[in-house]
Amino acid sequence: MKERTRINRDFFDRDVLDVAPDLLGKRIVITGNVSNPSGYTITETEAYRGEDDLACHASKGRTGRTATMYRHGGVLYVYLVYGMHWMLNIVTGSPGEPQAVLIRGVEGISGPGRLTRAMEIDKKHNGLDLCTSPLIWLEDCKTVKTFQTTPRIGIDYAGPVWKSKPWRFVVVDF
DNA sequence: GTAACGATCCTC
DNA sequence: AGGATCGTTACA
């Protein structure tokens, strides 16, 4: 797939609560994986926002794994959960501000573990920059007509306050 | 070194 | 409802 207009740094260097809904309808283009189509339109996202957010990995401070989240917007944060599923996240905000958007669904595929399997994304994509990498980038695709917000999934450990934040964004229709 | 725990998915 | 499965983390 040919590169059209790559979305630039300004888009990602904003607060995660602004970026997460704006990612809906954008298309992730990934090259180099021959076995599957390479364009994936985002339909579902979740925001993880700073050290105060008990659902965010950075709530325990800066560690080897979470260091990626402290980088500038547009960097990919990829990690393994439950010993078998790679999660694809896009870092947002200014450098030093640990925020990221979990890509939870793309068109035709729901579930964050299933989309990374389809896209063949794993540890080697951690730290790649969507603004400069020749392998992967983001471009405009569809305009979202309506979307809805719900609490985030799978974060019971975060306590009632953070668990109830409506920081999951789902496309209703394009 | 050792143990506990997941930002999930699939199959009972 | 429960099992798979392993990198990260915290603590001794």
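Below, chains carry the letters A, B, ... as their sequence lines are ordered, and counting in each starts from 1.
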**Report entry** N/O (side chain, Arg168(A)) to phosphate O (OP1/OP2, dA7(B)) under 4.0 Å
**Finding:** no

Requested in this report: Would you kindly check if the NZ (Lys) or CZ (Arg) of Arg14(A) is within the cone defined by 45 degrees around the ring axis of Phe11(A) and under 6.0 Å from the six-membered ring centre?
Outcome: yes

Query raised in the report: Just checking Met84(A): base, sugar-phosphate only, or nothing, at a heavy-atom cut-off of under 4.0 Å?
Result: base

Query raised in the report: Taking only N and O in the side chain of Tyr82(A), is any of them less than 4.0 Å away from OP1 or OP2 of dG3(C)?
Result: no

**Report entry** Ion pair check, Asp173(A) and Lys142(A), cut-off under 4.0 Å
**Finding:** no

Query - Asn126(A) CG - dG7(C) P separation (whole Å) - result: 14 Å

Query raised in the report: Counting just side-chain N and O atoms, does Arg117(A) come under 4.0 Å of either OP1 or OP2 of dC9(B)?
Result: no

Query - side-chain hydrogen bond (donor to acceptor under 3.5 Å, both in side chains) against Lys165(A), all qualifying residues, sequence neighbours excluded - result: none

Requested in this report: Remember a base hit wins even if backbone is also touched, and classify Leu102(A) as base, sugar-phosphate or nothing at under 4.0 Å, heavy atoms.
Outcome: base

**Report entry** Leu88(A) CG to dA7(B) P, straight-line distance once rounded to whole Å
**Finding:** 16 Å

Query raised in the report: Between Phe174(A) and Val144(A), does a side-chain contact (heavy atoms from CB on, under 4.5 Å) hold up when you go through it step by step?
Result: CA-CA 4 Å; Phe174(A) 286 115; Val144(A) 177; 3.8 Å; yes

Query raised in the report: If only atom types and distance count, is the side chain of Thr31(A) paired as donor or acceptor with the main-chain N or O of Leu135(A) below 3.5 Å?
Result: yes

Requested in this report: Using whole Å, report how far CD1 of Ile109(A) lies from P of dC10(B).
Outcome: 11 Å

**Report entry** Interatomic distance, Lys123(A) NZ vs dT5(C) P [rounded to whole Å]
**Finding:** 19 Å

Query - Of the listed nucleotides dC9(B), dT8(B), dA7(B), the one nearest the side chain of Ile153(A) - result: dT8(B)

Query - Thr66(A) side-chain N/O to Ala58(A) backbone N/O, donor-acceptor pair under 3.5 Å - result: no

Report task. Take the protein atom OH of Tyr157(A) and the nucleotide atom C1' of dG6(B), then report the distance between them rounded to whole Å. Result -> 8 Å

Report task. Kindly state which residues belonging to residues 54-68 of chain A come within less than 4.0 angstrom of DNA chain B, counting heavy atoms of the residue only, listed by number. Result -> Ala55(A), His57(A)

Query raised in the report: Of the candidate nucleotides dC9(B), dA7(B), dC6(C), which contains the atom at the shortest distance from the side chain of Leu80(A)?
Result: dC6(C)

**Report entry** Side chains of Arg152(A) and Asp53(A) in contact at under 4.5 Å (non-hydrogen atoms)
**Finding:** yes

Query - Considering all heavy atoms, the nearest Asn126(A)-Leu76(A) contact - result: OD1-O, 3.5 Å

Query - Main-chain N/O of Val161(A) paired with Ser164(A) side-chain donor or acceptor, under 3.5 Å - result: yes

Report task. Report the distance from atom NE2 of His85(A) to atom P of dT5(C), rounded to the nearest whole Å. Result -> 11 Å

Report summary line: For DNA chain C, consecutive-pair runs of 3 or more (Watson-Crick or G-U wobble, both H-bond-type distances under 3.5 Å) give B:1-6 with C:6-11, B:8-11 with C:1-4

